[in-house]
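Have a look at the structure below, then the notes.
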Amino acid sequence: MKDRFFELRQGSGTSLPIRGRVAHITYQNAENHFTVARLKTEDGARITIAGHLPGLRAGETIGLRGRWTRHPRYGDQLDVDAFEVLLPADAEGIRAYLNAGALDGLGPKTADRLVACFGSRTLEILDDAPERLQEVPGIGVKRAAAIAEAWAAHSQLRRLMRFLQECGVNPLHTGAIHRLYGAEAEVLLREDPYQLAADLPGEGFPVADAIARRLGIDTGAPRRQTAALGHLVARANAEGHVWCSRLRLFLEAERRFGIGLEAAENALAQLKAAGQIIEEPIVDEPEDSAIYPAALHSAEVSIARRLAALRAIPTPPLLEDPERIAGGVLAASAIAPCPEQMAVLQGILGEKAAIVTGGPGTGKTTLICAYAGLMRAAGRRTTLAAPTGRAARHLGEVAGLPAATIHRLLGYTPAEDRFLLTADHPLDTDALIVDEASMIDTPLMAGLMAALPLSARLLLVGDARQLPSVGPGNVLADLIGAGGLPVYALTTIFRQANAGPIVVNAHRIRHGEMPVTATTDAKETEFRFIEVSGPAAAVAAVVRLCQDLPREMGLDPMRDIQVLTPMHRGEAGTVNLNQVLQEALNPLPPGKGHRNGRFRPGDKVMHLKNNYSKAVFNGDIGTVAGPEPETGGLQVDFDGRRVAYAPAELDQLALAYAITVHKSQGGEYPAVILPLLTQHYPMLQRNLLYTAVTRGRRQVVLVGSRKALAIAVANDRPTQRLTGLRQRLAAALRGDG
């Protein structure tokens, strides 16, 4: 191994090669592979290392290079720039390597038998003659094939990591690229690195560009220019925009990638000719135009046309007489509607498509129950849905009716990335009620509208003041702003004994007023603000609250308390908070290790993407129940239902002691703790604070500075999302679209 690869500058200025054995993995993030570990170096020193280290396991010997930094909580640590696993050459080293969990599903007893049979040639056999594994007592054909497959995947990851690091690519991306391309990753990247720009949203183009430079590909190549423009458009979409400005696109192409105006125009023309991009004029800006990905343009057009068509078909009111409506609601759902709810019910019963909006505690859920009850009493097939699993479960519980996620309702198939239900195979329903509509993005709304029969009714319910969808678009706000759909606002507060402190303060924040907060020691109140001096003090206060609130309020520390934070990064971000809270709330017993390094029995975890085969969805929170004996993975308890995860599936989980406010949408928790600091400045917005506060049912505690709180309350100018749905729908409803 060449020392150049492991060169390291320490504080003294000496240049040292760093090699050592991973003694313990303290933290490992499943989403981005950020890892904190303890390394025992060759000279016996123990140091802390941190960085994006995909696939790193306790027991492995590694070489690395990096920079010394001082963490405010954990002291000196080495921030790793590059690393490589060093394979042992002697039998005892190989035994230790395999026993440390180098191969998923290979236990210590099997590892011992392998080394006993092949000695120092064990790794050579795994590489070059895996069929000989059947010579090991107790290993048959199937078991040998499984071990060989696991070793091949492990080796591929190591080779890919080496290739990417030679190209100057951050190890952060290794795991994602390996999942995309598998064994063929290096071959495919050498053939056409810029395919990565399309296949790996976000950082695909910079990674591809680094590989292309290493391979000697000309920076003026047309393939690079089209990939760069596609990357910039996708970047705008990832920020929530449906389209981006042509002038801005060309400026960014020049500034970031050195692509001149003529080359950018040629690249855009190629993308348009290939049908990947749609260009439209911008009203009142004749020198500029809107650049859409073709799929998002089609989605906006489809939403506008389907809603206009739905509204064009007349529907007689279900009931017109207020007394009959009130009697019907009471009979169907044992609810006695108030005058405001009665007025809204009377209105929406006569509409083909309508929107109901309102803040917390204003009776949106009560209205849904009443509307659904009347529809069912009248013999109408009624369907309830919400964007997330948590929101759908909550809706079903309060309405007493089955409710599904929109993806499940439409029969989403991940392998094909499409919905089974379409205009040709529509939903079998007479009335569709969708709750938490502010979370619906443009592609999802297009799929929903395509599958909704034009004979059916549509009721969208949501709070337009909450954060918009994570995906591109601002659908609920655009539908309200278009002006052609009936919108009913609920304003009277009913929940929590006619306005408890959480609801009152949520409405104050909603209207730009500072919340009324109790003193630090007023533990019985529903809404508190604890002022602290900085991030370290905020983290300490959050830990104390997570330890104290269960005793004070009789809460389950894992299930009932949720820490929310504006950002992933920083001392008060999810990454650090999860590490600190795991140690505080679920410490390892003395002398006990944890093989996979990330999760422990009892850990609070979140599932990160929809998995229909497991019936677990993005944002679902559970508790690690223990190891999965058959695969060496984990079992996670989701509300009393155990779900098994194989080792290769653990990247679908992340610690969830602390989650972002965005991830909390659609959920409610008995107690919410929110650190709010000036370090969160990029995210200090009124709708983010409002969304966080409305997640709490019994107690909300803000921890931070009053300056940060004031900034968030005052900032009602979040980044304006560039969409065309509002204008497109208004035109379609007028008959112009």
Side-chain angles (χ1 to χ4, degrees), residues 325-326 328-349 351 354-377 380 382-406 409 431-440 457-467 476 480 486-500 502-504 506-507 510 526 619 664-670 672 690-698 700:
I325 294 174
V329 171
L330 194 58
S333 53
I335 295 170
C338 73
E340 182 181 66
Q341 291 170 329
M342 275 296 307
V344 172
L345 266 175
Q346 190 171 2
I348 62 178
L349 287 171
E351 300 290 354
I355 297 171
V356 173
T357 186
T362 56
K364 297 189 298 295
T365 302
T366 299
L367 191 79
I368 288 173
C369 295
Y371 182 81
L374 286 172
M375 286 292 165
R376 287 168 62 85
R380 305 294 197 272
T382 305
T383 303
L384 276 64
T388 68
R390 282 175 295 168
R393 280 193 295 274
H394 177 69
L395 177 61
E397 288 167 3
V398 297
L401 297 169
T405 64
I406 298 173
L409 182 69
L432 174 62
I433 305 168
V434 183
D435 197 13
E436 298 285 359
S438 63
M439 299 172 65
I440 303 176
R457 298 169 183 256
L458 174 65
L459 179 63
L460 298 175
V461 182
D463 187 345
R465 297 294 187 93
Q466 290 198 23
L467 287 170
L476 182 62
I480 292 171
V487 178
Y488 298 87
L490 293 170
T491 58
T492 305
I493 299 174
F494 298 97
R495 200 176 82 192
Q496 295 189 8
N498 288 337
I502 294 175
V503 171
V504 167
H507 282 270
R510 194 171 189 251
E526 292 178 4
S664 74
Q665 287 178 273
E668 281 192 333
Y669 314 94
V672 162
Y690 174 69
T691 300
V693 168
T694 56
R695 299 308 91 200
R697 288 201 305 269
R698 292 174 55 189
V700 171

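The first residue of the sequence shown is numbered 1, and numbering continues consecutively from there. Everything quoted here is computed from the prediction, not taken from an experiment.
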Would you give the length of the straight line joining atom [atom1] of [X] to atom [atom2] of [Y], rounded to the nearest 0.5 angstrom?
{"X": "L460", "Y": "E436", "atom1": "CG", "atom2": "CD", "answer": "12.5 Å"}
{"X": "I355", "Y": "Y488", "atom1": "CD1", "atom2": "OH", "answer": "11.0 Å"}
{"X": "R390", "Y": "Q665", "atom1": "CZ", "atom2": "CD", "answer": "9.0 Å"}

Only counting residues at least two apart or in another chain, list the ones meeting salt bridge (charged side-chain N to carboxylate O under 4.0 Å, His left out) with R510. D463
Under 3.5 Å donor-acceptor, T357 side chain and G462 backbone: yes
Looking at R465 and G359, would you say the former's side chain and the latter's main chain have a donor-acceptor pair under 3.5 Å? no
Can you tell me which residue pairs pass the salt bridge (Lys or Arg N to Asp or Glu O under 4.0 Å) test with a partner in residues 391-403, sequence neighbours excluded? R393-D620
Distance-minimising heavy-atom pair for [X] and [Y]:
{"X": "A385", "Y": "I406", "answer": "CB-CG1, 4.2 Å"}
{"X": "A354", "Y": "I348", "answer": "CB-CG2, 3.9 Å"}
{"X": "A370", "Y": "L345", "answer": "CB-CD1, 3.8 Å"}
{"X": "A403", "Y": "A392", "answer": "CB-O, 3.4 Å"}
{"X": "T492", "Y": "E340", "answer": "N-OE1, 3.1 Å"}
{"X": "Q466", "Y": "T694", "answer": "NE2-OG1, 3.9 Å"}

Heavy-atom side-chain contact between Y690 and L467 under 4.5 Å: no
Determine, step by step, whether M375 and I433 satisfy the side-chain contact (heavy atoms from CB on, under 4.5 Å) criterion, reporting the C-alpha distance in whole Å, the side-chain angles of both residues, the deciding distance to 0.1 Å, and the verdict. CA-CA 11 Å; M375 286 292 165; I433 305 168; 5.8 Å; no
For the side-chain contact (heavy atoms from CB on, under 4.5 Å) test, which of L384, T382, L458 pairs with L432? L458
Using side-chain contact (heavy atoms from CB on, under 4.5 Å) as the criterion, point out the one residue from V461, T365, D435, L401 that pairs with L395. D435
